[in-house]
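Encoded as structure tokens, the structure appears first; notes follow it.
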Number of protein chains: 2
Amino acid sequence: MSQTKTVEPRPYHHGDLRRALVDAARRLLEAEGPSALSLRAVAREAGVSPAAPYHHFKDKSELMDAVAQEGWETLNAQMAEAKTRDAGPHQLTALGITYVCFARENPALYRVMYDMVREKEALPEDAQSNKDSAYCMVRDTMVERGADPAAETHLELATIAAWCGAHGLAEMAGFKQFEHLKEELGGERAFLDAVLSHMGLFAPKHGAC
Amino acid sequence: MSQTKTVEPRPYHHGDLRRALVDAARRLLEAEGPSALSLRAVAREAGVSPAAPYHHFKDKSELMDAVAQEGWETLNAQMAEAKTRDAGPHQLTALGITYVCFARENPALYRVMYDMVREKEALPEDAQSNKDSAYCMVRDTMVERGADPAAETHLELATIAAWCGAHGLAEMAGFKQFEHLKEELGGERAFLDAVLSHMGLFAPKHGAC
DNA sequence: TTTCACATCTGAGCGCTGTACAGATATCTT
DNA sequence: AAGATATCTGTACAGCGCTCAGATGTGAAA
């Protein structure tokens with residue numbers, strides 16, 4: 001931020017407290033869940049005083065934003081990997097499954113991610129512009145699978161609809177009421193597959209019912 | 001606000017503190033938003049000491065559950081009204097719109113409702129059994145609109161898919177990124193309609209794309 | 001090298017929170 | 001009239017987000 005002797009910003013006392021705090025937060029999040037994620041607990045976990053974080057984050061929500069941001073980047077990466085892994089006609093379904101599985105495997109992180117999104121009332125800033133964002137990946141895949149890229153509004157609406165469905169499923173997949181369906185269908189994965197295909201947006205061309 | 005000469009269970013000191021607390025909570029929720037909804041603030045609003053609520057609720061989350069429960073009942077009622085109002089072929093869409101509009105008009109309450117649901121990892125207990133629940137209403141409407149009631153699994157999956165989509169849209173409809181779409185389509189209502197119809201679950205029979 | 005400016009971290013403290021508990025008070029039962 | 005019990009208050013405690021004055025380390029200027 002100040003000098004340019006070496007390549008990196010070269011931190012001062014701690015090493016890189018900002019990084020350490022975000023790491024500590026993610027560790028706590030995984031170990032204790034979102035309710036344990038207090039600023040003081042994070043500082044404790046990182047081995048600094050409760051006031052130290054305020055030199056790197058304006059307030060608690062800014063620290064949470066940093067954690068959430070990393071979550072979005074991880075999600076983007078997993079979606080990209082899924083897209084290259086499955087290039088067949090069910091690519092969209094594969095993306096949907098990947099999205100929901102990410103949420104199911106990182107429930108605490110997913111919650112922090114959407115806490116941020118709800119607070120800001122917006123997806124991450126670059127969601128619609130960054131080619132590598134999950135959102136753009138879904139939209140592009142729709143085009144590759146036959147949607148007309150000239151019908152911009154139509155395409156955008158379809159992407160939003162898919163995103164809404166995936167997010168809804170991500171939040172509800174774990175509900176107790178659906179246990180018997182999972183058993184009947186042979187596991188959670190099959191359940192997710194079935195619900196997604198009922199959304200009619202993730203399977204290329206066989207409508208809804 | 002204090003006396004009750006009438007039929008009711010005849011409470012002791014306050015009148016019906018439990019009721020008063022839930023009312024106070026809803027008042028606060030609407031006026032100050034969900035972050036202002038502390039147990040102490042609710043007690044203050046109701047004019048009692050911070051410890052008083054503990055004689056009516058095990059802890060804060062039980063009070064929140066009561067608020068959320070009322071929210072679900074209000075939602076159920078509005079869905080029922082919508083169903084009788086619009087009995088045409090777009091009944092399902094009307095239900096979807098009603099759901100999302102409820103969430104958009106009562107954002108704080110909707111959040112408390114889903115806080116409960118996320119905590120319990122389940123929809124309200126009677127969601128799948130109570131005929132008057134929004135969930136059953138959607139499922140029944142699907143049958144009335146042509147779905148095969150014998151294909152139970154299929155029907156259940158379609159209902160879940162629709163619910164997921166509606167919930168996703170309820171949470172995302174206010175996002176800043178979608179402002180231009182709302183303008184282009186001529187208002188938020190048209191936007192909701194468009195996204196819902198892209199889900200392919202709310203319009204009876206014209207697939208997705 | 002000494003000095004200085006400043007980034008970083010600590011410790012104490014404020015007002016808030018959820019919750020516990022002992023004691024006061026009102027109501028119901030006998 | 002007396003006792004049991006439900007209800008409410010006052011006080012207290014630990015934890016929270018956040019602020020601020022002061023200590024401490026660091027890089028740049030003299």
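Because the structure is a prediction, the values reported are computed rather than measured. Reckoned from all heavy atoms, side chains included, excluding hydrogens, waters and symmetry mates.
Taking atom CG of residue Leu21(B) and atom C1' of nucleotide dC8(D), one finds them 12 Å apart after rounding to whole Å. If you measure from atom CG of Leu17(B) to atom P of dC8(D), you get 5 Å, rounded to the nearest angstrom. Distance NE2 (His55(A)) to P (dG11(C)): 13 Å, rounded to an integer number of Å.
Remark: Asp132(A) engages no residue in a side chain to side chain donor-acceptor pair (under 3.5 Å) (not counting sequence neighbours). Partners of Tyr135(A) according to the ring-ring contact (aromatic ring centres under 6.0 Å, His included) rule, which considers only residues two or more places apart in sequence or in another chain, are Trp163(A). Qualifying side chain to side chain donor-acceptor pair (under 3.5 Å) partners for Asn106(A), counting only residues two or more places apart in sequence or in other chains: none. Legend: residues meeting ring-ring contact (aromatic ring centres under 6.0 Å, His included) with Tyr114(B), ordered by chain and number and at least two apart, are Trp72(B), Tyr110(B), His167(B). In this view, Asp193(A) satisfies the salt bridge (Lys or Arg N to Asp or Glu O under 4.0 Å) rule with no residue, not counting sequence neighbours. Residues forming a salt bridge (Lys or Arg N to Asp or Glu O under 4.0 Å) with Asp115(B) (at least two apart in sequence, or on another chain): Arg118(B).
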Donor-acceptor list for residues 178-187 of chain A side chains, cut-off 3.5 Å, not counting sequence neighbours:
unit_1	atom_1	unit_2	atom_2	d
His180(A)	ND1	Gln177(A)	O	3.3
Lys182(A)	NZ	Ala173(A)	O	2.9
Glu184(A)	OE2	Thr153(B)	OG1	2.2

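When the shell of 6.0 Å around CD of Glu62(A) is examined, it contains more than 12 heavy atoms from other residues, nucleotides or ligands.
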Protein-proximity profile, nucleotides 11-19 of chain D, B/S/- by nucleotide at the 4.0 Å heavy-atom cutoff, equals -B---BBBB
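Applying a 4.0 Å cut-off to non-hydrogen atoms, none of the residues of residues 107-118 of chain B approaches DNA chain C.
Residue His56(A) has a polar side-chain atom (N or O) positioned under 4.0 Å from OP1 or OP2 of dC9(C).
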